[in-house]
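Working notes, structure below.
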Amino acid sequence: MQFTDQFRDNRLAQALLAEIRRTVTRPWVLMEICGGQTHAIMQYGLDQLLPPEIELVHGPGCPVCVTSLQLIDKALAIAAQPDVLFTSFGDMLRVPGSQGDLFSIRAQGGQVKVVYSPLDAVRIAQENPDKQVVFFAIGFETTAPPNVASVLQAQALGLKNYSLLVSHVRVPPAMHTILGSPHNRVQGFLAAGHVCAVMGYWEYPPIAEQYRVPITVTGFEPIDLLQGILLTVRQLEAGTWEVQNGYKRVVTYEGNRAAQAMIDKVFQPCDRNWRGIGMIPMSGWELRETYADFDAERRFDVGQIQTRESEVCIAGQILQGMKKPAECPAFGSLCTPRNPLGAPMVSSEGACSAYYRYAGAQA
Ligand code: SF4
């Protein structure tokens, strides 16, 4: 495929690996932010091809994984209501809440529909005026523009039966949390290319400067990832901490200003609870007061939600790069994709599912 094959070229990959081997002189720990990058690393076995000095740890960039248990439980409570048609991306249906998941709500008669875009949910709201249609708006900066667009479209159509259950999170505050932790092991970041396609990378230089960590904006193909690793390791070896763009075919410093303006019109920053990690100040987005009518949390009284996490799941430590999936005692035994105990085993971007799928249950 044009634009893809050239970034999977074996000879180029070998040349980059050789250059990485020539460059590295001592151990370094790098974190790829995005779960999509984690899956590509595992799928192509890049972690096995790198010199042993380079350890890759896996970041929190899996939106399904970091959506708080409390919000999942709110989704279950809303979806169970008789006049509600609850819409979501497919990944969220199997994420375990305190008691069941959205699939179990559907099995009990709840109307839960998988959609491929929030604009599909708006269409469903148009077609079902007697139902309250809720879209589960999870994700990082990448999915914010379509979610915001759905609110603007619903407003333009005069829909009174459409709302978002919002769980948006942002990358830069999570990087602060990881780097500021006394347990931090991360010495360099591969920033998520698609997030930067929307937001640019103007937010990252102060982070690189404050913690003295090099950051490389990195794509998702094997050549992108190896190039991101090489650029980051070169900086680590040289003792520099700049932000570099290794994904120039997609990302600019400013990002998509029109998308950023649209997000800013509808969303405002808020504190956000990350599953397994906890509260990170100003790490999320919520609907502005002017769009409160589209806020499902205000529209539905879901009462007091008491959450109960699995006691064995160490997802929080994995998402902060402190542990690897195979170090979880439940990995591949109590916790499998068929019977997930935590979200990273469910999501197509989850690190546990990547290890299970590509490295096997005995990883
Ligand atoms: S293997 Fe399962 S229980 Fe362990 S951290 Fe991953 S999701 Fe949680």
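As the structure is a computational prediction, the values presented were derived from the model and not from experiment. All ligand and atom numbering here is 1-based and tracks the order in the structure.
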Out of all atoms in ligand 1, which are within 4.0 Å of some heavy atom of [X]? Include the element for each.
X: G342; value: 7 (S)
X: M345; value: 7 (S)
X: I314; value: 5 (S)
X: I318; value: 5 (S)
X: F331; value: 1 (S)

> Is it true that some N/O/S atom of C352, main chain or side chain, lies under 2.8 Å from atom 4 (Fe) of ligand 1?
Replying inline: no
Between the side chains of [Y] and [X], is the shortest nitrogen-to-carboxylate-oxygen separation below 4.0 Å, so that they form an ion pair?
X: E19; Y: R22; answer: yes
X: E289; Y: R298; answer: yes
X: E55; Y: K324; answer: yes
X: R288; Y: D264; answer: yes

>> Tell me if the aromatic rings of F89 and F136 count as close, with their centers under 6.0 Å from one another.
In response: no
> Any chance the rings of F220 and H39 have centres within less than 6.0 Å?
Replying inline: no
> At a 4.0 Å cut-off, with the gap strictly under it, does some heavy atom of A315 reach an atom of ligand 1?
Replying inline: yes
> So, does V312 sit close enough to ligand 1 that a heavy atom of it is under 4.0 Å from the ligand?
Replying inline: no
>> Quick one: does any side-chain atom of Q187 pair with a main-chain N or O of V29 as donor and acceptor, under 3.5 Å?
In response: yes
> Got a sec: is C313 within less than 2.8 Å of atom 8 (Fe) of ligand 1 via an N/O/S atom?
Replying inline: yes
> Heavy-atom distance under 4.5 Å between the side chains of R249 and Y247, does that happen here?
Replying inline: yes
>> Can you report which non-hydrogen protein atom sits closest to atom 4 (Fe) of ligand 1, along with the distance?
In response: C328 SG, 2.3 Å
>> What protein heavy atom lies closest to atom 2 (Fe) of ligand 1? Include the residue and the distance to one decimal.
In response: C335 SG, 2.3 Å
